[in-house]
Protein chains: 2
Amino acid sequence: MTKKPTDGGRSYRVGSVSHALDLIDHVVSGPSSGLSLAELTALMELSKSSTYALARTLVDHGYLRGVGQPPRYQLGMALVRLGDRASSSIPLTDICRPVLVKLSQETGLTSRAAINDNGYPVFISRVDSPGPIRFYTPLGVREVPHTSSAGKAMLAMMPAERVRQIVAETGMAARTPKSITTIAELSADLDITRKRGFAIDDEEDDLGVFCIGAAFFRHGSEPAGAVSTTGIKQDRAARQIDVLGRSVQAAADEITQLLTGLERTDF
Amino acid sequence: MTKKPTDGGRSYRVGSVSHALDLIDHVVSGPSSGLSLAELTALMELSKSSTYALARTLVDHGYLRGVGQPPRYQLGMALVRLGDRASSSIPLTDICRPVLVKLSQETGLTSRAAINDNGYPVFISRVDSPGPIRFYTPLGVREVPHTSSAGKAMLAMMPAERVRQIVAETGMAARTPKSITTIAELSADLDITRKRGFAIDDEEDDLGVFCIGAAFFRHGSEPAGAVSTTGIKQDRAARQIDVLGRSVQAAADEITQLLTGLERTDF
DNA sequence: AAACACGTTCGGTATTACCGAACAGTGTTC
DNA sequence: GAACACTGTTCGGTAATACCGAACGTGTTT
């Protein structure tokens with residue numbers, strides 16, 4: 001008897017498509033060397049032959065590619081195109097990129113821009129630092145608001161009641177010993193953030209890593225998103241935080257200006 | 001009696017998944033404002049209710065999002081994440097990015113890197129010019145080799161027989177009046193390219209646009225890909241082409257060094 | 001209020017997605 | 001060198017379901 005454990009309701013969905021997208025998710029979460037059909041089958045709740053048919057279909061469309069013989073399934077080129085289009089379809093992406101480039105040059109760090117997705121920051125654009133240091137900073141995923149500088153920068157500009165509601169949804173799990181875990185601490189931090197003009201994540205999300213973030217706006221109400229810059233925690237950085245903060249703030253302000261200022265001058 | 005006119009074979013594929021991916025393709029090709037269900041139904045070879053079920057499934061997984069009421073379907077956030085992971089899973093992407101950043105700063109133009117996908121260039125990484133000029137340069141799509149500087153740069157480094165085979169596949173359609181359309185012209189151009197060290201696309205792909213490209217290598221055999229830089233054709237640019245060419249060449253050489261030189265020094 | 005658009009819901013049926021088992025390669029072990 | 005263990009691939013058969021067409025709401029236009 002087959003059942004769909006991930007499907008509570010009985011609404012209008014196509015099961016096999018769900019399976020296919022689950023399969024892609026498994027490949028995403030898997031090692032970059034890819035997954036074999038056998039490994040995929042173990043992860044899927046389907047038979048080997050069905051998994052095979054799904055994989056073949058996805059390969060046909062370029063969503064996956066089977067490298068080597070026997071094939072190991074990795075993400076395909078078509079997804080690069082889709083992701084590029086998807087992020088371009090968010091108008092913010094194009095607006096942010098040049099600002100981020102400048103910010104990365106100024107600070108020498110990796111900088112990113114997130115949009116406000118119902119209180120959660122979702123990073124949509126990233127410019128790596130000119131230096132050799134790289135961070136694992138995936139795009140397109142919802143981050144936890146209370147341990148990221150972008151999240152806190154946005155929260156600081158929202159009414160207290162809204163903040164309470166947002167963190168109630170996600171909880172306040174500690175990602176490191178330095179994470180903020182109570183609403184009281186958070187409010188205090190947000191107060192400081194508001195006065196200071198930018199948010200600081202001091203090893204609250206990853207040990208050894210700090211972030212500085214500032215929100216930007218579109219219509220004056222809730223923040224439209226935030227920019228942030230990320231670096232490794234070092235003694236020398238501590239003294240520069242004020243300088244970095246001002247750069248980040250300036251970048252956020254520039255984006256706000258671009259968003260609110262000239263609304264469609266060209267067409 | 002229903003039949004699938006686009007389906008000749010009877011191989012192991014999942015039809016509804018194909019339909020779903022086709023639906024995504026239509027959204028990609030559609031306007032950035034999105035498509036309504038009715039518009040999608042017109043494009044798909046399915047009934048309205050079936051298209052509806054597919055769209056809902058894709059929205060559930062974040063591949064699409066329905067904005068507004070009535071909903072217009074646009075590409076979803078999940079694709080940003082997938083695309084980011086997909087391009088990161090190509091080791092070249094990370095290697096190329098810092099080189100491209102430097103190249104863009106040097107030249108003041110948009111620069112890109114393509115991998116060699118069976119003779120076709122597929123651009124996987126892009127760094128926009130610091131200036132205000134933007135080009136429509138989508139990532140992840142197979143470009144035509146004979147009208148792009150990246151393509152010609154790669155072809156120039158392949159044996160003549162291989163070149164003949166590749167252009168036989170794609171044909172030599174003219175994209176502009178200045179496009180190369182015969183194999184003889186192409187060979188001559190490739191000879192010059194080889195001697196010069198970099199390829200030039202002088203309004204052969206788009207009028208008013210020039211590109212300069214150079215190939216990079218991994219194992220000494222066929223080129224692994226190419227970098228290129230793109231600008232608008234102007235008088236002053238003509239004199240600088242040699243300077244730009246050398247920058248592009250240097251960037252390609254740097255990538256070659258990174259690829260062939262230190263193979264896994266760290267782990 | 002009638003007409004039209006749109007998205008959504010509903011039964012019913014024929015299609016097909018799915019399974020389990022058999023087949024075919026490849027490298028390893030006895 | 002045969003048996004094994006492990007891949008990915010192919011094959012019928014059946015129960016599930018993807019699909020269709022029509023009906024239903026809801027909002028906008030005549």
Side-chain angles (χ1 to χ4, degrees), chain A residues 1-24 26-27 30-31 33-61 63-74 76, chain B residues 1-24 26-27 30-31 33-61 63-74 76:
Chain A
M1 195 170 302
T2 66
K3 69 222 52 313
K4 41 271 333 308
T6 57
D7 183 63
R10 58 279 310 286
S11 289
Y12 297 88
R13 310 292 142 91
V14 181
S16 56
V17 172
S18 270
H19 287 149
L21 305 188
D22 287 345
L23 197 156
I24 293 177
H26 287 131
V27 175
S33 59
L35 292 167
S36 69
L37 178 62
E39 291 165 336
L40 274 174
T41 306
L43 294 168
M44 302 282 296
E45 296 180 337
L46 286 175
S47 71
K48 193 169 44 160
S49 46
S50 302
T51 306
Y52 176 70
L54 288 174
R56 288 287 293 244
T57 310
L58 291 168
V59 169
D60 281 352
H61 287 256
Y63 281 59
L64 296 181
R65 54 196 180 123
V67 310
Q69 197 71 2
R72 299 189 67 78
Y73 293 101
Q74 303 177 6
Chain B
M1 196 169 300
T2 65
K3 65 214 49 322
K4 38 266 342 307
T6 57
D7 183 60
R10 63 281 305 288
S11 289
Y12 297 89
R13 308 293 143 89
V14 180
S16 56
V17 173
S18 269
H19 286 148
L21 304 188
D22 287 346
L23 196 156
I24 294 178
H26 287 131
V27 175
S33 60
L35 292 167
S36 69
L37 178 61
E39 291 165 334
L40 275 174
T41 305
L43 293 168
M44 303 282 296
E45 295 179 338
L46 286 175
S47 70
K48 192 170 43 160
S49 45
S50 303
T51 306
Y52 175 70
L54 288 174
R56 288 285 293 238
T57 309
L58 291 168
V59 169
D60 280 352
H61 287 256
Y63 281 59
L64 296 181
R65 53 197 180 125
V67 310
Q69 197 72 358
R72 300 189 67 78
Y73 294 101
Q74 304 177 6

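Predicted, not measured: the structure shown is a model, and the values here were computed from it. Quick note on labels: first sequence line is chain A, next is B, and so on, each numbered from 1.
Listed by residue number, the members of residues 48-59 of chain A with any heavy atom below 4.0 angstrom from DNA chain C are A:Ser49, A:Ser50.
The interatomic distance linking A:Leu40 (CG) with C:dC18 (C1') rounds to 17 Å, in whole Å. Atom NE2 in B:His19 sits roughly 8 Å away from atom P in C:dT16 (whole-Å rounding). Rounded to a whole Å, the CD atom of B:Glu45 is 14 Å from the C1' atom of D:dC19. If you take CZ of A:Arg13 and C1' of D:dC19, they are 17 Å apart, rounded to a whole angstrom. D:dT17 atom C1' lies 14 Å from atom CG of B:Leu46, rounded to whole Å.
No donor-acceptor pair under 3.5 Å is formed between the side chain of B:Thr51 and the backbone N or O of B:Thr41.
Comparing A:Leu37 and B:Gly15, the nucleotide of DNA chain D nearest to each residue sits closer to the 5' end for A:Leu37.
A heavy-atom distance below 4.5 Å is found between the side chains of A:Gln69 and A:Pro71. Residues A:Tyr52 and A:Lys48 have side chains not in contact (no heavy-atom distance under 4.5 Å, counting atoms from C-beta outward). Taking 4.5 Å as the limit, every side-chain heavy atom of A:Leu40 sits out of range of all side-chain heavy atoms of A:Leu54.
The line from CG of A:Asp22 to OG of A:Ser16 is 11.5 Å long, rounded to the nearest 0.5 Å.
A sub-4.0 Å separation between OP1 or OP2 of C:dC10 and a side-chain N or O of A:Tyr12 is present.
Contact annotation for A:Arg72: no contact, since no heavy-atom pair falls under 4.0 Å across all strands. Using a 4.0 Å heavy-atom cutoff across all strands shown, B:Ser47 reaches at least one base atom of the nucleic acid.
Smallest separation of non-hydrogen atoms from B:Ser36 and B:Arg72: CB-NH1, 3.9 Å.
Closest to the A:Ala38 side chain, of the nucleotides D:dC19, D:dT7, C:dG7, is D:dT7.
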